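This report refers to the structure that appears directly beneath it.
Convention: sequence-line order gives letters A, B, ...; per-chain numbering from 1. Computation of the quantities below employed the complete heavy-atom set of this structure, encompassing side-chain atoms and omitting hydrogens, waters and symmetry-equivalent molecules. What you are looking at is a predicted structure, and each value in this text was computed from that prediction instead of being measured.
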There are 4 protein chains.
Amino acid sequence: MADHTPPPRTPDDSRRPDVSRRSEKSRRAIYEAALSLVVELGYPKTTIEGIAARAGVGKQTIYRWWSSKADVLLEAFLDLGDQAARAAEEAGYAGEREPYAIADTGDLAADLKGVLRATVDELLDPKYDRPYRALAAEGVVDEELGRTFVAKLLEPSLQLYVDRLRAAQEAGQVRPEVDPRIALELFVSPLAQRWLQRTAPISHAYTDTLVDYALNGLAPR
Amino acid sequence: MADHTPPPRTPDDSRRPDVSRRSEKSRRAIYEAALSLVVELGYPKTTIEGIAARAGVGKQTIYRWWSSKADVLLEAFLDLGDQAARAAEEAGYAGEREPYAIADTGDLAADLKGVLRATVDELLDPKYDRPYRALAAEGVVDEELGRTFVAKLLEPSLQLYVDRLRAAQEAGQVRPEVDPRIALELFVSPLAQRWLQRTAPISHAYTDTLVDYALNGLAPR
Amino acid sequence: MADHTPPPRTPDDSRRPDVSRRSEKSRRAIYEAALSLVVELGYPKTTIEGIAARAGVGKQTIYRWWSSKADVLLEAFLDLGDQAARAAEEAGYAGEREPYAIADTGDLAADLKGVLRATVDELLDPKYDRPYRALAAEGVVDEELGRTFVAKLLEPSLQLYVDRLRAAQEAGQVRPEVDPRIALELFVSPLAQRWLQRTAPISHAYTDTLVDYALNGLAPR
Amino acid sequence: MADHTPPPRTPDDSRRPDVSRRSEKSRRAIYEAALSLVVELGYPKTTIEGIAARAGVGKQTIYRWWSSKADVLLEAFLDLGDQAARAAEEAGYAGEREPYAIADTGDLAADLKGVLRATVDELLDPKYDRPYRALAAEGVVDEELGRTFVAKLLEPSLQLYVDRLRAAQEAGQVRPEVDPRIALELFVSPLAQRWLQRTAPISHAYTDTLVDYALNGLAPR
DNA sequence: GATTAATCGAGACGGTACGTCTAGTCTTTAC
DNA sequence: GTAAAGACTAGACGTACCGTCTCGATTAATC
């Protein structure tokens, strides 16, 4: 996963604050405050004033570096991922939380079921659920945030499925005319919708079934 | 589609306002104001004060009958559906806006593609898109509203797919062991996610492809 | 003391409600509710809705017969006086609560001290203090109510002092060129101001002193 | 007259706003708005929202520094006095609007008549009458405000009478056993009551008469 | 190591909207 | 037709946050 620390601003950007002088301590405190408040109170009751107060930070420090509550939370959440990835790496762990590729054991169905099971576990963990859900909701209504959310969080993960499906196509396990970018939605989107909209419960059995249906189709063979 | 007018309260409901004295004119005006404001300004900039002002109504009249902005919008949207349904019926129109069943011509793929194309058209119409999206977003974060949203708006439509799929099963066009409630998600959820999260554009060609993939599966036959 | 029951409206007053059909029970209940609420909550927290609720009466019944909260309280207070007077009469009591004349024992100073002591006692009784004070305050700011308050409550009492002082003049105890209407203010107004504005405490000793100073003057004789 | 600018808060007063950061411009604008609105609309129709709007100030700025509408008006009125006093001083004027002492020409009656005539003029000036009356009325009913009103506005003026009367006592023009604090009420309170309660008109002739009666007494000499 | 300039915590500011309360009017049903 | 009941429009209340602004007090880079 890419490091989401905001890149150093160009020096000609005269109105922007000087990134080199930025307080790392405050940044961390704001991330933690934002995430914990969203978990405790939910997104709508989390306020910028509240984040500033809990972080022991002036409001202006937030407004200086972020454009909105959603923006803070998005970065905080991205940072959470980076942290986890970094922690995994440091533990000498080869397969970190969000790997750069889906395992390819030759058995497409098993590989897909594996990742989806891991995703289910993550979605059921309140630590991820609350802020992730809050961001998703905001992105539904706020187009700009939504696009950022998709580009930075969703799309990279989906690309992994594209890669795996393409490999399967080359191995003759998926029909060559199938568009992988659409194909992945057959099992990813149902999970996403059940989780986001609570249309029905999610489980390992459920995602397993999705993979089976998607690979074999509904019509009799 | 069911009539969503709130049912008369039981007489023992002592603290609640008297439904029989409710002003129908104000109710209608509030629905219209809420929907038009959401379309014009978007959900977050739509305020209860604004709705009251545009509807020519006291704020208390809104607070008396609804618990939140989302609640107003949900009922307004449900009412919109009822109105459309009623209008269709009055026009002696057999196939109303949201039919009680998906057409069954014997050709499952064609029938599914037909409904999905209609859904795509609806989702691309700003008149529906804006409020629907706002409600969906709120439902993502507010569990109670979310469940109501799903129960009253989403689930009834999904049930139509269940029915059509079951008919197809009986006709031997869908494998008998397939669970229709899950099967329908193979083509419905991808569309939902693309629309809600803007992960990619939606079109008739896209939904047609979804139906083909779902029915035939991704694996070679 | 005059009976303060509002006089029957003239029949040509077409917009006014029909007095002959007025509910006496409601009127009494409103008076009692108004007075008790003012005593309990104070004037500003006493609301028309509150009076109606406690009296078991519709709001419109109050608006039909009175023009304002102050108006209700004024009549309620006048009625309180009437009731007391009537009660006194019925008890065969010659000297009722508010007599038609100040006693004339020949000793002007003693007579004045007597009435003033009685007045002090009344002003210290919360039952009278609270509503009386509320009315006075409202009258300070609302000129119309103020004039009614003075005409119906204050002036009749002051007239008794005028009468007593004139008698004293005829008896040669007060200089003939003195204007009794002004003279009475020398001892009545100080008491009124101390009570109304709380500039200093009131007591029998205080009013006794006032009478002495007023009769003998401040300058050495 | 003392300067009524609120004193700097003690540093241990942890929850209170920081006085040193207070906007002087807003304070002035609020005073002016409050006074002008009371003159134009009267006290009851003057609202905090109205004051904020006319002053071009957020409501919270009022609530931050004052506890009630009456509190705002009281300070505004005190400030009005301070301003007048300051203006007088700056004009090199020895005898400012509200002098620190009542003139002592040796003629007690004349001196008293002088101040009282000036007071009558002030009470008849709508610029002072309206807010002063509003505050007095509120003080009648709201004990806390009443005590502040008396302590800051009324008592300092009354003290001047006490001083003058004591001087007169030493000069043998007033009986030594007379209590000046009570004596002054013989001419001050009647004027106050006529003005406050509108029991009768006020004029220079009237206050002259009051002084004569009070000094010489009503009884024949 | 001293200078200097930007960031920092803090919080007052002008505003907007909240959800509540009451005013005074209007409507319905019962007597 | 008056009454009780209570829903209605209207708008002020006092609170909570918004996003901007100023204020010293750090603090980090430059001299």
Seminar exercise, completed: Taken to the nearest whole Å, CD1/A:I48 to C1'/E:dG15 is 16 Å
Exercise. Any donor-acceptor pair under 3.5 Å joining the side chain of A:Q60 to the base of E:dC8?
Worked result: no
For this session: Name the residue closer to the 5' end of DNA chain E, choosing between A:A55 and C:S68 according to the nucleotide with the nearest heavy atom.
Result: A:A55
For this session: Could you tell me whether B:S20 contacts a base, only the sugar-phosphate backbone, or nothing, with contacts defined as non-hydrogen atoms closer than 4.0 Å?
Result: nothing
Exercise. Is there a donor and acceptor pair closer than 3.5 Å between the side chain of A:R21 and the base of F:dA28?
Worked result: yes
Exercise. Below 4.5 Å, heavy atoms only, C-beta onward: do A:L37 and A:R54 meet side chain to side chain?
Worked result: yes
For this session: Please check if atom CD in D:E40 has more than 12 non-hydrogen atoms from other residues, nucleotides or ligands closer than 6.0 Å.
Result: yes
For this session: Give the rounded distance in Å between these two atoms: CD1 of B:I62 and C1' of F:dA10.
Result: 13 Å
For this session: In whole angstrom, give the distance that lies between atom CD1 of A:I51 and atom P of F:dA16.
Result: 18 Å
For this session: Check whether any side-chain N or O of A:W65 sits under 4.0 Å from OP1 or OP2 of E:dA6, and answer yes or no.
Result: no
For this session: Measure from CZ on A:R64 to P on F:dT20 and round the result to the nearest Å.
Result: 12 Å
Exercise. How many Å lie between CG on A:D18 and C1' on F:dT30, as a whole number?
Worked result: 13 Å
Seminar exercise, completed: Closest non-hydrogen atoms of A:V39 and A:P131, given as atom of the first, atom of the second and distance, are CG2-CD, 4.3 Å
Exercise. B:V57 has a side chain; which of E:dG19, E:dT25, F:dT9 sits nearest to it?
Worked result: F:dT9
Exercise. Counting side-chain heavy atoms from CB outward, which of F:dA7, E:dC18, E:dC8 is closest to B:E49?
Worked result: E:dC18
Exercise. Of the nucleotides F:dC13, E:dC8, F:dC8, which one has an atom closest to the side chain of D:Y63?
Worked result: F:dC13
For this session: May I ask you to test the B:L35-B:D79 pair for a side-chain heavy-atom distance under 4.5 Å?
Result: no
Problem set entry | Nearest listed nucleotide, side chain of B:S26, among F:dG19, E:dA6, F:dT9 | F:dT9
For this session: Would you kindly give the CH2-to-P distance between C:W66 and F:dT2, to the nearest whole Å?
Result: 15 Å
Exercise. Base, sugar-phosphate, or nothing: which does B:T61 touch, judged by heavy atoms less than 4.0 Å apart?
Worked result: base
Exercise. For the ring pair D:F149 and D:Y132, is the centre-to-centre distance below 6.0 Å?
Worked result: yes
For this session: Report the residue (B:S23 or A:K25) whose heavy-atom-nearest nucleotide on DNA chain F is the more 5′ of the two.
Result: B:S23
For this session: Give C:G50 one of three labels, base, sugar-phosphate or nothing, depending on what nucleic acid heavy atoms sit under 4.0 Å from its own.
Result: nothing
Exercise. Do B:K59 side-chain and F:dG11 base share a donor-acceptor contact under 3.5 Å?
Worked result: no
Seminar exercise, completed: Rounded to whole Å, the CD-P distance (B:E24 to E:dT28) equals 14 Å
Exercise. Over how many whole Å does the gap from D:R28 atom CZ to E:dC13 atom C1' extend?
Worked result: 18 Å
Problem set entry | Between OG on residue A:S23 and CD1 on residue A:I30, distance to nearest 0.5 Å | 8.0 Å
